[in-house]
Amino acid sequence: MQMERVATLVQRVGPLDIFDQTRLPPDQLIRQGLTAVLALAPLHDSAAGATDAAEAQLLWGGPIVRRAAEIGVGELPARRLGPLGHRDALMLALRMEARAGGYSWSEREAIHRYAGEHRVALDTELSQLVTAAQTFAESMERYLALAPIWRRAVEAGAVDVRTAELCGALPPAVLDTVSGAGRRLSFSNRRLVLTWLSELCGRDGLHEPAAVELAQNVMQSADPLDALRRLRYPRLSAMEDRFAALQRRLTQGTPLELKAPPEFEGAGYEVQLTLRSRDDLARAIEALQRMQEESDELFELL
Amino acid sequence: MNSSSYYRNNIAAVYIDANALQLEPVQRAISKLTHVRPQTVTSVAEIPAAQRNLRTLYVTSFRGAALSACPGTRVHRCCNYHTVDLYAGCPLGCSYCIMQSYLERSAVTVYADPSPAITAIRAQALAAPEVPLRVGSGETGDSLLLDPLFEITRRYISELADLPNVHFEAKTKTDFVDHLLDLEPKGNAVIGFSVNARQFAVEEGASATLAQRLDAARRAARGGYRVAFHFDPMFRSGSSDGSPAAAAYRDVARRIAAAVDAGRIAWISLGTLRYTPALKAQIKRPYIHDEFVGCADGKFRYIQRERVALYRSVVAALQQYLCPQPPIYLCMESDTVWQRVFGWLPQQINELEALFAGAPLRGESV
């Protein structure tokens, strides 16, 4: 290890300067030279059998070097290595960065591009360093297949790749409407809203103007999720309304509580009694008798 | 469907495991596949990535479990069915097929040595001769699509024919039955046909038409086989006019009765469309926009009362048209649905008692 002039290092920032400046050490540590040891090496294209540049290039730490220059640090610790192939250089940079599973989509895209340009195989070892799983190549293939507007939404954390894939046919203005609505939706609710909008557009053959109008109307309603669910599941919603009406009629003011199985998928209803007195018991028996008389309507729902 | 032209148009490459090369079914297939030059490999990994698709055959000797209980589905009634791997992967291209979600990027695998599976079936059947053993080869692929090439099903049928408690079923969406007709003895072998209403033919890719399948069923029955019909998956709606499909399925029941002597029908199963969340993403067809609910096994199905209504309607038609009445059962349905359709659980229905005897409810400890 030796101390290298920051002015020189800035000039040697190489093609692996692909990481966001999110993990800079505090300025105080940079001033004291207490950063990770930077690595310099000539990059060697093993496939072409040629060294890209005779001069050593910085393999990792571009943001640190630039920040050091900004705050007037003169030297930083670095190690000079012999010529490295692009795969070894990329692996070294990923190990130095040490954020497996924590890279943003734009960083992943940059890693993927670098690997593609320099014919670096996206094998298990590399994938583990990027995604902490074996899914880097597959996830990038899916991400890159998205339209730019959906890639931006994924990059911004507004939706996940799977939702973007499912909803990719929605007009961009619908995504803007849902993402930009003043009302803040949680991540999972936004996912549901987009999915149901996409399914509704598919079901009803809605194209841009109608789809956007639908999205605007839904987002302006008091409960967008409920409004959309009613449109997406009209028969199930009607069953729920019917059950709610029956529930009110049969149990309101009684010590009974009546519960249906979720989405009416199940064997039967659950009745709960809360008895605090003999009167409660009498009212419960009376309510149960009324329930028996109207049970056909109840059991029709299952 | 014409098997020769189907193979010519749909099989682009054949890779044969070196240890399977001398097997009789493989030699037979090689002699019939004149339009491709089979290549020998030592493992599936040697197949080039560009050819890992359903237009490629990978022929191997036996791997894995010889005989398995049908995976069934959690907390739903299981019909005590057993499966053997014969052909894994299917190029017919049904839009609802679960195999899309995991086998699309693989070659169709042919397990060309049936000996271990036949040995396992025989052992299980002989160990409990009073227990009916239903075994099918159509779990991971179509039983008969490639069978005129390899003729592996003949081995199963002839080598199990002496066991009175074994009911071996070859299940298909093709009409490729003619290569089996002259086989004797047939024992209890069953040729099973998936059937669907004509308006949903578009969902079944390159499968034979309903008329072709029913004609094949007629030939199989006349040739001495028992036949089975599987209304699976049944669609509630999603046809171009959006109308409920019960009437169309009742018509299928009528056409079955017209095609085949009911006395030759071993069983009939019914199952409505169901899908896993992973499969949902792959289905781009209008029927996916119907209303589905999450069930206890993690799959999505039509609303329970709508499934019940569809089943009741079709069961009533089958009971009306078919005499004697064959066993009719539901595939992967809950006790509640069984009760609402039939009024009983399968173990309480005389005709089904033998099929379901000892069948656990999946998810129950046995």
Side-chain angles (χ1 to χ4, degrees), chain A residues 121-124 137-138 141-142 145-146 159-170 191-192 194-206 228-240 242-243 260-270 296-302, chain B residues 49 73-77 101-102 104-105 236-240 242 244 272 274-312 332-341 343 345 361:
Chain A
L122 302 177
D123 57 15
T124 305
E138 189 212 331
E141 196 180 312
R142 292 171 62 191
L146 298 173
V159 293
D160 58 325
V161 171
R162 187 182 163 84
T163 305
E165 286 173 332
L166 280 173
C167 305
L170 278 175
R191 193 164 54 180
L192 263 182
L194 286 167
T195 303
W196 285 342
L197 277 171
S198 169
E199 291 174 355
L200 277 168
C201 290
R203 185 188 73 187
D204 300 340
L206 304 181
L228 254 183
R229 188 171 181 276
R230 285 177 172 280
L231 292 170
R232 174 64 186 87
Y233 296 97
R235 300 196 305 276
L236 190 60
S237 299
M239 289 166 71
E240 286 164 349
R242 206 167 132 206
F243 174 73
E263 299 180 312
F264 302 99
E265 176 73 27
Y269 295 96
E270 200 179 297
D296 284 351
E297 209 177 335
L298 262 184
F299 288 109
E300 251 177 39
L301 294 173
L302 293 183
Chain B
T73 189
R74 204 154 31 94
V75 203
H76 284 68
R77 267 302 146 188
S101 60
Y102 61 96
E104 199 180 31
R105 292 187 186 188
R236 199 197 70 88
S237 65
S239 56
S240 51
T272 54
R274 51 209 177 271
Y275 59 83
T276 59
L279 180 57
K280 183 183 179 183
Q282 315 249 1
I283 298 176
K284 312 283 185 203
R285 304 289 304 149
Y287 60 77
I288 204 70
H289 297 131
D290 205 329
E291 296 187 43
F292 297 90
V293 297
C295 296
D297 59 354
K299 290 182 183 166
F300 289 85
R301 290 175 173 81
Y302 294 122
I303 296 169
Q304 180 172 283
R305 74 168 184 174
E306 296 179 346
R307 307 204 300 277
V308 168
L310 183 55
Y311 287 138
R312 276 183 181 161
M332 296 188 191
E333 273 299 358
S334 63
D335 279 2
T336 305
V337 172
W338 270 94
Q339 290 274 13
R340 287 178 196 279
V341 174
L345 292 178
L361 185 63

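Predicted, not measured: the structure shown is a model, and the values here were computed from it. Below, chain A is the first sequence line, B the second, and so on; all start at residue 1.
No part of P261(A) comes within reach of chain B, as not one of its non-hydrogen atoms sits under 4.5 angstrom from that chain. Looking at R232(A), the atoms closer than 4.5 Å to chain B (heavy atoms on both sides) sit in the backbone and in the side chain alike. Heavy atoms closer than 4.5 Å to chain A are found nowhere in Q339(B), neither backbone nor side chain. Proximity to chain B (any heavy atom under 4.5 Å) is shown, for L301(A), by both the backbone and the side chain.
Ranked by heavy-atom pairs under 4.5 Å with chain B, the list L236(A), L166(A), D204(A) is led by L236(A). Heavy-atom pairs under 4.5 Å with chain A were tallied for R340(B), Q304(B), K280(B); the largest tally goes to Q304(B).
Contact of the Y233(A) side chain with the E291(B) side chain is registered, since non-hydrogen atoms from C-beta on lie closer than 4.5 Å.
M239(A) contributes atom CE, which lies 7.0 Å from atom CD of E306(B) (distance to the nearest 0.5 angstrom). Taking CG of D290(B) as the start and CZ of R203(A) as the end, the distance is 9.0 Å to the nearest 0.5 Å. Note that CZ of R235(A) is 9.0 Å distant from OH of Y302(B), once rounded to the nearest 0.5 Å.
Looking at every heavy atom in both residues, R162(A) comes nearest to P277(B) through NH2-O, 2.9 Å.
When the side-chain contact (heavy atoms from CB on, under 4.5 Å) test is applied to L192(A), the partners found at least two apart in sequence or on another chain are W196(A), L225(A).
Of the residues listed (R305(B), R301(B), R307(B)), the one engaging E265(A) in a salt bridge (charged side-chain N to carboxylate O under 4.0 Å, His left out) is R307(B), and it is the only one.
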